[in-house]
Amino acid sequence: MTTFVDRVELHVAAGSGGHGCASVHREKFKPLGGPDGGNGGRGGDVTLTVDQSITTLLEYHHSPHRKATNGKPGEGGNRSGKDGQDLVLPVPDGTVVLDKAGNVLADLVGQGTSYVAAQGGRGGLGNAALASARRKAPGFALLGEPGSLQDIVLELKTVADVALVGYPSAGKSSLISVLSAAKPKIADYPFTTLVPNLGVVTAGSTVYTIADVPGLIPGASQGKGLGLEFLRHVERCSVLVHVLDTATLESDRDPVSDLDIIEAELREYGGLDNRPRIVVLNKIDVPDGKDLAEMVRPDLEARGYRVFEVSAVAHIGLKELSFALAELVGNARAAKPKEEATRIVIRPKAVDDAGFTVTREEAGGEPLFRVRGEKPERWVRQTDFNNDEAVGYLADRLNRLGVEEELVKAGARSGDGVAIGPEDNAVVFDWEPTLTAGAEMLGRRGEDHRFEAPRPAAQRRRDRDAERDEALREYDDFEPF
Ligand SMILES: Nc1nc2c(ncn2[C@@H]2O[C@H](COP(=O)(O)OP(=O)(O)OP(=O)(O)O)[C@@H](O)[C@H]2O)c(=O)[nH]1
Ligand SMILES: [Mg+2]
């Protein structure tokens, strides 16, 4: 038996961004040739993509840890680091992606549908990209960001138009084998089918898929037999077929009570009430079977079912059945909204990029001000804390975002603790306000006075305005990176 796995836990890690490079161009007779450190490359994403040739999640069961490659660091001579390679993980059609709490993150249906499960870290800017009119030779570069890590659960819900349900040995797998080219295992003992089978049926111009699930028995909803676990695989079907055994040797069974019991179990599972159903009376090649089928037919029709008498073994009534199913599938498809013809790529919900919050906490009797927000947290990750200039640059960025102002409003005073980031992963420092030194101070760190020449007053004013414009532009420029 080939192993079938329809639920796995998967741990994915995107690649980290490469660090930016801090380097100064060197050439004979040009001792200060300017910064030429390149940017780090982006880390690779981990993406799940539907590949219809795959039918099981088995591969991920065997190796549940997957990682994309890191971006390469930038180099001198304005050389950017190479981007990391995206890791594309092929998954079966109908794979549902959940987080550990069971929330659905994505439902991947249709060839090529993709989901970015972990996003690669950005590369850090090199000092060439960080240079500006007022910071002509930055002696630092930004660090690459770590790639995101995700623990996800993949669950397979088979995508089939028609699902066969019924008692063990009613002939579900036999029917699939004669209606399609699929060759499922068939035997005359119960629970031969341990995993769903899938076949493709062509009836006239209609092509549809048909799946069975392991046989159900009374009490399946309480876990008897193989239980209801596999009914997950019929959830997506648009037509349900009751396969009823007209030739069972069990004296306490007959097609009508079998149907009632299976219906009761389906109800217990829930969510399938609105699927159109038909009834197939199988094994009419057996003489007693044919008699029994004719006997129960009026009863079943009185309940509103369309009834088909067939024999999977003797190939009786199969054509009518396959065309009737094609019609039902056709109706269901017509009723459904048109499927997207293009590839669907689902990205994780964008984090709120705009703002940040400052909250006051107490830590050992001392006030602690916590700053949370996508930008400030990212900037902290990009900062090389061994480099004073890089730390100064971080302070400037935080300033321009208005973090200092908010700290003042929240009552922070010089020397108070400020933490940027979540409780378990924050950078904490003692706050030294720079705002009080006046707006002039904004954005003036990292200036390299070696490049400054004396300027007339009018020129200084123009420069100052240009600097301010540039500071704002620079601030925007870095965001889409
Ligand atoms: N005489 C006769 N036997 C049949 C017919 N269809 C299936 N069988 C036999 O019934 C037995 C069970 O058939 P399967 O197709 O494996 O039944 P199933 O519903 O898939 O059973 P599970 O997978 O255990 O739920 C096998 O021995 C088949 O050969 C039929 O039309 N006539
Ligand atoms: Mg079977």
Side-chain angles (χ1 to χ4, degrees), residues 1-4 6 55-56 158 160 162-201 209-221 223-234 237 239-251 253-255 257-259 261-266 269 277-297 307-322 324-325:
M1 194 187 85
T2 52
T3 319
F4 176 86
D6 65 354
T55 53
T56 147
T158 305
V162 176
L164 307 182
V165 293
Y167 265 72
S169 296
K172 302 177 293 299
S173 301
S174 301
L175 270 174
I176 289 193
S177 76
V178 292
L179 289 171
S180 74
K183 292 285 159 265
K185 182 176 157 87
I186 293 162
D188 56 2
Y189 54 85
F191 307 118
T192 310
T193 299
L194 299 175
V195 302
N197 298 300
L198 193 61
V200 181
V201 183
T209 49
I210 184 164
D212 69 356
V213 286
L216 297 170
I217 55 170
S221 49
K224 292 235 174 86
L226 295 178
L228 294 182
E229 193 202 326
F230 289 99
L231 282 181
R232 174 160 85 237
H233 293 282
V234 314
C237 74
V239 180
L240 272 177
V241 177
H242 280 290
V243 181
L244 302 177
D245 191 342
T246 60
T248 176
L249 298 173
E250 289 170 48
S251 57
R253 280 179 52 196
D254 73 88
S257 64
D258 283 5
L259 175 77
I261 283 164
I262 300 296
E263 272 296 328
E265 298 299 335
L266 293 182
Y269 183 79
R277 294 147 152 80
I278 64 168
V279 164
V280 165
L281 293 164
N282 188 31
K283 307 194 185 178
I284 59 158
D285 57 294
V286 180
D288 287 349
K290 177 73 183 158
D291 293 345
L292 184 57
E294 262 158 32
M295 208 173 86
V296 297
R297 182 187 203 57
V307 178
F308 294 84
E309 293 179 26
V310 309
S311 164
V313 165
H315 293 222
I316 303 168
L318 299 177
K319 201 161 182 189
E320 293 86 332
L321 175 62
S322 72
L325 289 174

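Quick note: residue numbers are just sequence positions, from 1. When a ligand or atom number is given, it counts from 1 through the structure's own listing order. The structure presented is a predicted model; accordingly, all values stated were derived computationally and were not measured.
Across all their heavy atoms, G171 and N282 have their closest contact at CA-ND2, 3.6 Å. The minimum heavy-atom distance between L318 and V310, with the atom names listed, is CD2-CB, 4.3 Å. The two residues L281 and P255 have their closest heavy-atom pair at CD2-CB, 3.9 Å. Closest heavy-atom contact between L266 and R277: CD1-NH2, 3.8 Å. Closest of all the heavy-atom pairs between S169 and D188 is OG-C, 4.3 Å. In terms of heavy-atom proximity, A182 sits nearest to G199 at CB-CA, 3.9 Å.
Annotation: K183, atom NZ; neighbour count of heavy atoms from other residues, nucleotides and ligands within 6.0 Å is above 12.
Here is the list of ligand 1 atoms found below 4.0 Å of a heavy atom in S169: 10 (O), 12 (C), 17 (O), 18 (P), 19 (O), 21 (O), 22 (P), 24 (O), 25 (O). Remark: ligand 1 atoms within the under-4.0 Å shell around heavy atoms of S174 are 6 (N), 7 (C), 13 (O), 14 (P), 15 (O), 28 (C). Atoms of ligand 1 lying under 4.0 Å from any heavy atom of G171, numbered from 1 in the order shown and given with element: 7 (C), 13 (O), 14 (P), 15 (O), 17 (O), 18 (P), 19 (O). The distance from ligand 1 to the heavy atoms of V286 drops below 4.0 Å at these ligand atoms: 1 (N).
In terms of N/O distances under 3.5 Å, ligand 1 is approached by G215. Residue D285 places at least one N or O, backbone or side chain, under 3.5 Å from an N or O of ligand 1. The shortest N or O to N or O distance between I186 and ligand 1 is not under 3.5 Å. Polar contact with ligand 1: present for V313 (N/O pair, distance under 3.5 Å). Ligand 1 has an N or O atom lying under 3.5 Å from an N or O atom of A170, backbone or side chain. At under 3.5 Å, not a single nitrogen or oxygen of P190, backbone or side chain, sits near a nitrogen or oxygen of ligand 1. Considering backbone and side-chain N/O of S311, one or more are found under 3.5 Å from N/O of ligand 1.
E320 is linked by a salt bridge (Lys or Arg N to Asp or Glu O under 4.0 Å) to nothing, counting only residues two or more places apart in sequence or in another chain.
Between the side chain of K290 and the main chain of T246, no donor-acceptor pair closer than 3.5 Å is present. The backbone N or O of G219 lies less than 3.5 Å from a partner atom in the side chain of E265, making a donor-acceptor pair. At least one donor-acceptor pair under 3.5 Å links the side chain of S322 to the backbone N or O of K319. Judged by distance alone, with hydrogens and angles left aside, the side-chain atoms of R232 form a donor-acceptor pair with the main-chain N or O of D6 at under 3.5 Å.
Interatomic distance, NZ of K283 versus CD1 of I316, reported as 14.0 Å (0.5 Å rounding). Distance CE/M295 to CG/D288: 11.0 Å, rounded to 0.5 Å. Atom CD1 of residue I176 and atom CG of residue D212 lie 4.0 Å apart, to the nearest 0.5 angstrom.
Put simply, no part of G166 is less than 4.0 Å from ligand 1, judged by heavy atoms.
When each of I278, I210, V201 is checked for a side chain to side chain contact (heavy atoms under 4.5 Å, CB included) with V162, only I210 meets the rule.
When only non-hydrogen protein atoms are considered, atom 23 (O) of ligand 1 lies nearest to T193 OG1, 2.7 Å. Closest protein heavy atom to atom 8 (N) of ligand 1: K283 CE, 3.6 Å. Nearest protein heavy-atom neighbour of atom 31 (O) of ligand 1: A312 N, 2.9 Å. With hydrogens left out, the protein atom closest to atom 11 (C) of ligand 1 is A187 O, 3.7 Å, a heavy atom. Looking only at protein heavy atoms, the nearest one to atom 6 (N) of ligand 1 is N282 ND2, 3.2 Å. From the protein, the heavy atom lying nearest to atom 25 (O) of ligand 1 is K172 NZ, 2.9 Å. The nearest heavy-atom contact from the protein to atom 27 (O) of ligand 1 is D188 CB, 3.1 Å.
Excluding waters, the protein N/O/S atoms found under 2.8 Å from the Mg ion (ligand 2) are S173 OG, T193 OG1.
Contact annotation: for V243 versus ligand 1, there are no heavy atoms closer than 4.0 Å.
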